[in-house]
Amino acid sequence: MAEKTPTQLIDSFDRRIEYVRLSVTDRCDFRCTYCMAEEMTFLPRSKVLSLEEIARIAGVFVQLGVAKLRVTGGEPLVRRDVTTLFQQLGALLDNKGLKELAVTTNGSQLVRFAPALRAAGVSTLNISLDTLNPDRFRALTRTGTLAQVIAGIDAALEQNFPRIRLNAVVLRGNNEDDVLPLLDFALNRGLDIAFIEEMPLGQVNMAGKPLEFLPSDTILSGVEQHYNLESEGAPDHSGPARYWRVDGSSTRMGLISPHSNNFCGSCNRLRVTAEGQLLLCLGNEHSISLRDLLRDGASDIELSNAIVTALNDKPKQHVFDQPDQPQIMRFMNASGG
Ligand code: SAM
Ligand code: SF4
C-alpha cells in the first residue's frame, strides 16, 4: 500500500504548526551588534541549502498544512538569484495551500527588490529599523547607511504591500530614546511597528557582556504618556507580538517580549536554518538536518514523516531566562530570528 503523507503538524503540547521561517543565507551586509560579531565566519556554500532545496522543503511544509512562510536570514535579499526562490514560493500560494508569504529584511536592498517581491506574491514585509539617527544607525549595524534603508522603506510603500511592519530591537542606554521618534515615523507613513526585547543568542552575548534589553512594559508606559493606545492582544497565528492600536491612526504598535511575557504556549512556528537544520525552537538546541535527508535522496513523504517525528521533540518553552540551562550558541543570523 502507498505511504500516506501526513496532512498536519501538531506537537505533543497540542500546538498546531502553521508557520515556518526559512533562513535562506547566514550572510548579511550589516553586522548588527546584537546579532553578529564584528568578524564572522560564514558557512561554506556547499553547506547552505540550494534555492531548489529550499523550495522543495517549503513545498513539503505547505503539504503539511503550513499556511505562512517567512523568508529571512542573515539578509535574505543578499542571496544571489533570490527572486527565483520568491517566484517558486509564490507558486505555492492559494490553491496550493499557502496563505501568506512574508519577508524579514534589513531594508538595504529594497529599492532594487521591492517590485519583484510584490510581483512574486509577498504580502507581508518586516523591515528592521532601530534608530533614526544616522551615526547611531552606523554604530548599531557597524556597516549600514540609514538613508539607504529609509529609501528602501519608501520603495516598499510605493508597491502597496498589504502589511509592512518595522522591527526595532530596543537596547537600554543605547536607542531607548528612539522609541518615540520611530513610532512617529511609523505613524507618518501609516506603518505598524514592533519593539523587541534583545534575546541572548550566539557569542555576541558571551564574554560576560550583560544583556541590554529594555523590558516591554517600560516601553509601553513611556509611549502611553504621549499616545492613547488600545490593546488588541495577540492575533492568532501571526507571531509572538502583542499589539496596541495608536488612537486615531491605522498604526499598530507591537511588543515582542521573550523575557517579560513568555509566548511559548501559543507557539505555532518552526524554523529552517540556512544549512537546512529544522529548529524546533529558537531558544533550544533541538533540531534535525533536512539537508542530510534531502541529499541522501529522501522522497517528499520521507521528508514529511521525518518532520512529523521531529515535532515530538518540540520543547514546551525556550530557556532564555533559566540561568542553570545552557544558553544558545547560535548567532541570530543563523536561525533568522
Ligand atoms: N537581516 C534581516 C533583518 O535584520 O531584518 C533578517 C534577519 S534578522 C536576524 C531578523 C530579526 O531579528 C531582525 O528584526 C533583528 O532585529 C532581530 N534580531 C537579531 N538579533 C536579535 C537579538 N539578539 N534579539 C532580538 N532580536 C534580534
Ligand atoms: Fe544582518 Fe539582520 Fe543580523 Fe542585522 S539583524 S546583522 S541586518 S541579519
Side-chain angles (χ1 to χ4, degrees), residues 21-40 42-43 70-79 82 102-110 113 117 122 124-131 136-146 148-149 152-153 156 164-172 174-175 178 182 192-206 209-216 219 239-241 254-261 263 269 271-274 279 282-283 318 320-321 327-337:
R21 298 191 190 195
L22 300 164
S23 173
V24 299
T25 179
D26 61 333
R27 290 164 198 255
C28 185
D29 49 344
F30 292 0
R31 296 283 183 279
C32 301
T33 52
Y34 48 73
C35 176
M36 291 198 191
E38 195 155 11
E39 299 296 328
M40 292 289 290
F42 293 108
L43 291 165
R70 176 177 297 282
V71 175
T72 176
E75 174 47 41
L77 301 184
V78 301
R79 172 92 196 237
V82 76
V103 181
T104 304
T105 172
N106 65 22
S108 69
Q109 309 299 315
L110 272 176
F113 283 102
L117 296 180
V122 171
T124 308
L125 269 188
N126 285 2
I127 308 173
S128 299
L129 180 66
D130 301 330
T131 176
R136 191 180 281 173
F137 187 87
R138 173 55 62 99
L140 270 171
T141 60
R142 294 196 181 104
T143 59
T145 304
L146 176 64
Q148 193 179 337
V149 170
I153 293 169
I164 305 181
R165 187 184 82 189
L166 304 177
N167 275 352
V169 177
V170 187
L171 306 171
R172 189 190 289 280
N174 186 323
N175 63 339
D178 271 296
L182 284 168
D192 288 347
I193 183 163
F195 295 109
I196 305 173
E197 291 176 350
E198 184 194 15
M199 283 175 267
L201 292 173
Q203 283 133 345
V204 278
N205 283 302
M206 298 291 289
K209 177 178 166 287
L211 269 182
E212 298 168 308
F213 81 92
L214 191 71
S216 294
I219 296 176
L255 294 174
I256 300 180
S257 327
H259 300 279
S260 57
N261 176 50
F263 42 63
R269 292 174 289 289
R271 294 176 169 79
V272 180
T273 68
L279 291 186
L282 182 60
H318 66 64
F320 293 146
D321 295 307
Q327 296 296 296
I328 304 305
M329 293 301 296
R330 246 181 282 117
F331 285 102
M332 188 66 113
N333 69 305
S335 57

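Counting convention: from 1, in listed order, for ligands and their atoms alike.
- Across the listed options Ser128, Ala194, Ser23, Ser128 owns the non-hydrogen atom lying nearest to atom 13 (C) of ligand 1.
- Looking at Thr25, its side chain never comes within 3.5 Å of a backbone N or O of Gly73 through a donor-acceptor pair.
- Close approach of ligand 1 to Glu197 is summarised as follows: ligand atoms under 4.0 Å from at least one heavy atom of the residue are 25 (C).
- In this view, Arg138 satisfies the salt bridge (charged side-chain N to carboxylate O under 4.0 Å, His left out) rule with no residue, not counting sequence neighbours.
- Under the 3.5 Å distance criterion, the side-chain polar atoms of Glu75 are matched with a main-chain donor or acceptor of Asn106.
- Inclusion of Cys35 in the first shell of atom 3 (Fe) of ligand 2 is supported: an N, O or S atom falls under 2.8 Å.
- Within the 4.5 Å cutoff, the side chain of Phe195 has no heavy atoms near those of the Leu214 side chain.
- Side-chain atoms of Arg136 never come within 3.5 Å of backbone atoms of Asp130 as a donor-acceptor pair (strictly under, hydrogens ignored).
- At a 4.0 Å cut-off, not a single heavy atom of Gly73 sits close enough to ligand 2 to count as contact.
- Below 30°, between 30° and 60°, or above 60°: for Phe213 and His259 the angle between ring planes is below 30°, a parallel geometry.
- Partner Leu166 forms a side chain to side chain contact (heavy atoms under 4.5 Å, CB included) with one of Ile153, Leu182, Asp192 and no other, that one being Ile153.
- With hydrogens and angles left out, the side-chain atoms of Arg165 and Asn167 include a donor and acceptor closer than 3.5 Å.
- Heavy-atom proximity to Thr72, at under 4.0 Å, picks out these atoms of ligand 1: 6 (C), 7 (C).
- The proximity of Cys32 to ligand 2, defined as any non-hydrogen pair under 4.0 Å, involves the side chain as well as the backbone.
- Taking 4.0 Å as the cut-off, Gly74 counts as a neighbour of ligand 1 on heavy-atom distance.
- Those atoms of ligand 1 that come under 4.0 Å of a heavy atom in Glu75, given as number and element, are 1 (N), 2 (C).
- For atom 26 (N) of ligand 1, the choice among Asn167, Val169, Thr105 with the nearest heavy atom turns out to be Val169.
- Below 3.5 Å of separation, one finds no N or O of Asp130 facing any N or O of ligand 1.
- Considering backbone and side-chain N/O of Tyr34, one or more are found under 3.5 Å from N/O of ligand 1.
- Residue Cys35 approaches ligand 1 through these ligand atoms, each under 4.0 Å from one of its heavy atoms: 19 (C), 20 (N).
- Here the CG atom belonging to Leu146 is positioned 9.0 Å from the OG1 atom belonging to Thr141, to the nearest 0.5 angstrom.
- Close contacts of ligand 1 with Met199, meaning ligand atoms under 4.0 Å from a residue heavy atom, involve 22 (C), 23 (N), 24 (N), 25 (C).
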